Asker: 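Quick one: structure below, then a few questions.
The basis for the numbers below is simple: all heavy atoms, side chains too, and nothing from hydrogens, waters or symmetry mates. Note that the structure is a prediction, hence the values are computed from the model and not measured. In the text below, chain A, chain B and the rest are named by the order of the sequence lines, each starting its count at 1.
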Amino acid sequence: MSQPVNQSSTEQTSYAIFADDIGKQVDVKSQKLEILRGISLKIKQGESLAIVGRSGSGKTTLLGLLAGLDTVSHGSISLMNNALEEMSEDERASVRASHVGFVFQSFQLLPSMTALENVMLPLELKGDAFAKKSAQEFLIRLGLDDRLGHYPSQLSGGEQQRVALARAFACKPDILFADEPTGNLDQETGQKIIDLMFELNEANSTTLIMVTHDELLADRCQRRVHIDAGRIVPEEHSVASNKVELVECKA
Amino acid sequence: MKLVAQSLRDLLRQTHNSSIRLLFISLIMAVLSVTTITLVSDMLKRSLTNSATNFIAGDRQLISPREIESTWLEYANKAGLNYAKSLEFSSMLYANDEFQLVSVKAVDQNYPLKGELLVGLPDGVRISVNKGPKNENVWMQKRLFSLFNISQGGTVSIGDMDFTVTHELAQEPDAGFKLAELAPRVLMGFDEVKKTGVIQPGSRLTWRYYFTGSESEISSFEEWLIPKLNASQKWQGIKEGRPAIEDALEKTETYLLLGGSLAVLLACIAVAMSSRQFALGQIDSVAIMKTLGVKGSRVIVYFTFQLLFLGLFASLIGIILGGGLAFILQDILSALIPELKWPVWSMKSVRVLLLATGTVFVSLFGFALPQFFQLRKVSPMRVLRQEKMNALAWSWRASLASILAIFVLLYGYSQDLTLVAGLLLSVVGLLAVLMLFSWMIYQLLGRNVSERFKAGSVLRQSLSNLLRRPLHILIQLSVFSLTLLLFCLIFIARESLVDNWQSQLPEHTPNHFLINIAPDDLGDLKLVLEEKELITSGLYPMVRGRLSHINDVPVKVAVTKDVAALNRELNLTWSNELPDDNQIKAGEWWQERADPAAYSGTDLGYANVSVEEQLAGKLGLELEDVLHFSIGGEILKAKVSSIRSVQWDSMRPNFYMMFEEESLNRFPSTYITSFYADKSQKQVLNELGRQFPTVSILELDQLVEKLRSIIQQVSQMIEVILVFIVLAALLVISALISSTMTERTREAALMRTLGVKARFITAVQFLEFGLLAWVAAWLALLCAEAVMWIIQYELFDFPFTPHYSLWLYLPLISTVLIGFVSYLQIRKVPQTSPMEILRMY
Ligand SMILES: Nc1ncnc2c1ncn2[C@@H]1O[C@H](COP(=O)(O)OP(=O)(O)OP(=O)(O)O)[C@@H](O)[C@H]1O
Ligand SMILES: [Mg+2]
């Protein structure tokens, strides 16, 4: 099972994520339900990738697997050269802590914390002595100078998502995962958030992996992967600018 | 109808909903506390009363110097009471040319209605019999056998009649503990009294009538009888008869009531909190129901039925559990008191059932329904806006309803308005004080105190979690400390209650008396006792004498009241040392005097006498009063130099009158003492009996044992209350913790996406509760001590001692318990897959 990984070990070091033939099954009422099957992906560092597909096709599930939030039933995933499938939940947690950031559709800020505290949280948890300073810097960079002491309930959706972005980037992750980051925002605000994300992506050469229904957003990514019924399928109409490198699906 | 079925179906579907579960458990707990505590306190009361009534040989006694009108007894009979009678008088007993003044008790064939009449067989075995002697038979105490040198079957005569001694009288149930009258006892049949011819007009008689019946029969008879009694007649229940037991009974009743009310109160608070939690959890469903076009009133009906079903199930389970528990407890109890039988389907049980179900529904509709009324107002817009934070608004109507419900419940439970009002006021007052303190602690610490600790450390994270929610800390700290405080108070009350009882009959309370010790035997006896390692409560000489004059006025003139002590000879003693358990209430204890003439009790000098407090009161004696005692035809003059309190139940020789040492030297005396001997030392008694045949040995070990076992039971049973309080307190704490669960789960899931390890999250939350528990314990301790200080020192002028053992244990217990309860709930928190956060909105 792990043979392909070993064979191409030199090859995968240059990838932020190297997923080989992964599948995910869940038990629902003693029946096995296959959500994902035969997915292989290579994502270079600094690359931006959009995962698109119909609702229920398995995008969120794939994102969770790639980020090490969940475990694969089949195949292997290497994230910044860490073989996730061999790790315990705690080991994956430390991989996440050092390499991964998240942005969610529904922001997921802690309601009892101010904007500043929300951004400080991951830094503090890492034992960063200058958590407050870097958190402040990030928030200011995202134009939230006068919102530091506000609680999420006092912020608009766009502002909340900006705080969430600040929280994700404050830890300087190698890979940023985003599940429909603009899903809850109007187009204009969404656009601003997208701009910010790519800006930060370029400035820190962060790998961007996002699930989106938003064509505009998908277009701005270097690459897109189309999921249908748990498998990667070729794009129906190829987009001019894309450099899709589809990996052959194994039957 | 469809709505009813729907509500039941939805309820059953939500069995995994933690707030419903908690509500359900709280309801069961409320029922359980009510049923068990009511049944237990009822059993306890009955067992106590039962044991206690054994000491008066009936449920009540009427004591009269003359025979009562026969119509009274007829009335008692009609009222459904059983009765028995006895007649006590003093008489000379003749046998083998010897005579002795004895105290005769003539009993009818119904005596004793309660308690044990024991006779001793020649081989020393005691057996219980249910009737006294009749016809020409008498029973007498062992000492009389040796005194007259006869054995069972011998003949003795009282007045004009000869009797056969058929048994040794080992114990009569209503002998009492007062040893003022130590003349040996003879038991005879009631019908033979007339034939002896010893009863003459003017004879000193004590008629006793014993009654038994149900409480209601007795109390209606009491109502009828008491107005008819004259001053010399006395109606006696167990409370009047035995001060020590009265105390135990009354204090236990109050304690059980108070403790039980507290347990119910705590369970109610848990119901209130978990039902609010339940209501909060339903907001989204309500909003959706409304978008689907369901009217507000239908929503109420829907939830009312859910609550009804919930209440029904909870009462059922609670009653089954409570009844079962009561059965088990009864088993334990009846092992101690065999005569206790619990009528399962008595009126009492019906009342308990009603009370328990009442508790469930009153608390459900008092606490939960108002919350659901609030739900009626939920806007269907909620579905569109997805407001997460919008909790149910506080409403004064809902709060009023809750307070009213608590009041009704507690009143239904205790039937004591003052107690309920006092309890609620103090609880609210204490809560206010605790909230103030909690707020002060929060202010003192400040929100940023966590920044002093190392970033990324568990402590820093816990502190900042705690301190960034001022409202939570206020509520949690004050509720935690309130529950702990209530626990402390009820615990301290229990301690002092048990201490109080046990101090009345401490370990090694004397349980044997030696009476009639001749001065010549004194030296040898002391040696033997020393050799056998029996420690006496002091050897007191005893001279019998009658009080004849007070300040040169004959007592009959000076005292118009009927005082029993004037009708008979008193036991007079002397000592230069005040007995340990006596206390000087007025005047001073005397110093030893050099000149014997000065205290000879003649005109040369008055002897000092110390008089027992109550008797002094009855006779109107004051310091410096001069008393004349007639002893064997001679007069002894004495001056009241002090007034003493005496512990009559102490099982030591106790005396109304104590004189200066040696002042009674010229009168013939015998000595008396008491000591403790356990079962293994019983053998010694036989040796003593053989070596000193004239000395009477009075064995009270079974009596003392019985008293001690009552006290033991009571102390154990009130621990049941403590257990319930702890359980109810844990529920409150659980409800409180569970109300923070949704937020905690969300937070934990998010933290895990940030790469925080599960252990860290558990540690942080665990420490949060640990810190809270620890601070709450100290807060509770301080308040408990303050309350005790006010009660003991300010109100009762009692020396106050801090309860150091609590200082040691409470923070520990609190941390462990709260830690444990919180652990049960939060241990699952980090187990939520971080994937969830991707699917949460
Ligand atoms: N734990 C689970 N148990 C059972 N089925 C699951 C589980 N997790 C996901 N699924 C199913 O797997 C499929 C893919 O789910 P997923 O959330 O990945 O879809 P998605 O592509 O993100 O959809 P959307 O665009 O609507 O968010 C769905 O049909 C979902 O019902
Ligand atoms: Mg999705």
Asker: With chain A, which of B:A749, B:S457, B:P834 has the greatest number of heavy-atom pairs at distances under 4.5 Å?
Answerer: B:P834

Asker: Inspect the surroundings of CD in A:E188 and state if more than 12 heavy atoms from other residues, nucleotides or ligands are less than 6.0 Å away.
Answerer: no

Asker: Quick one: CZ on A:R96 to NZ on B:K757, what's the gap to the nearest 0.5 Å?
Answerer: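 Going from CZ on A:R96 over to NZ on B:K757, the span is 10.5 Å.
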
Asker: Between B:T753, B:V756, B:N465, which shows the greatest number of heavy-atom pairs under 4.5 Å with chain A?
Answerer: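 Winner by heavy-atom pair count: B:T753.
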
Asker: I need the A:E124 CD to B:Q461 CD distance, nearest 0.5 Å.
Answerer: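 Reported value, rounded in 0.5 Å steps: 6.5 Å.
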
Asker: In Å and rounded to the nearest 0.5 Å, what is the CG to CE distance from A:L125 to B:M751?
Answerer: 5.0 Å

Asker: Show your working on side chain to side chain contact (heavy atoms under 4.5 Å, CB included) between A:F104 and B:L750 and close with a plain yes or no.
Answerer: CA-CA 10 Å; A:F104 307 97; B:L750 183 81; 3.9 Å; yes

Asker: Which atom pair, heavy atoms only, marks the closest approach of A:D90 to B:R759?
Answerer: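 Taking A:D90 first and B:R759 second, the nearest heavy atoms are OD2-NH1, 4.3 Å.
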
Asker: Among A:Q105, A:R92, A:R167, which has the most heavy-atom pairs under 4.5 Å with chain B?
Answerer: A:R167

Asker: Looking at A:V211, A:L121, A:V100, which makes the most heavy-atom pairs under 4.5 Å with chain B?
Answerer: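 Top count of heavy-atom pairs under 4.5 Å with chain B: A:L121.
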
Asker: Give, for atom CG of A:L110 and atom CZ of B:R468, the distance between the pair rounded to the nearest 0.5 Å.
Answerer: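 A:L110 atom CG to B:R468 atom CZ measures 6.0 Å (nearest 0.5 Å).
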
Asker: Can you tell me which portion of A:S98 sits under 4.5 Å from chain B's heavy atoms? Options are side chain, backbone, both or neither.
Answerer: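 Neither part, no heavy atoms under 4.5 Å.
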
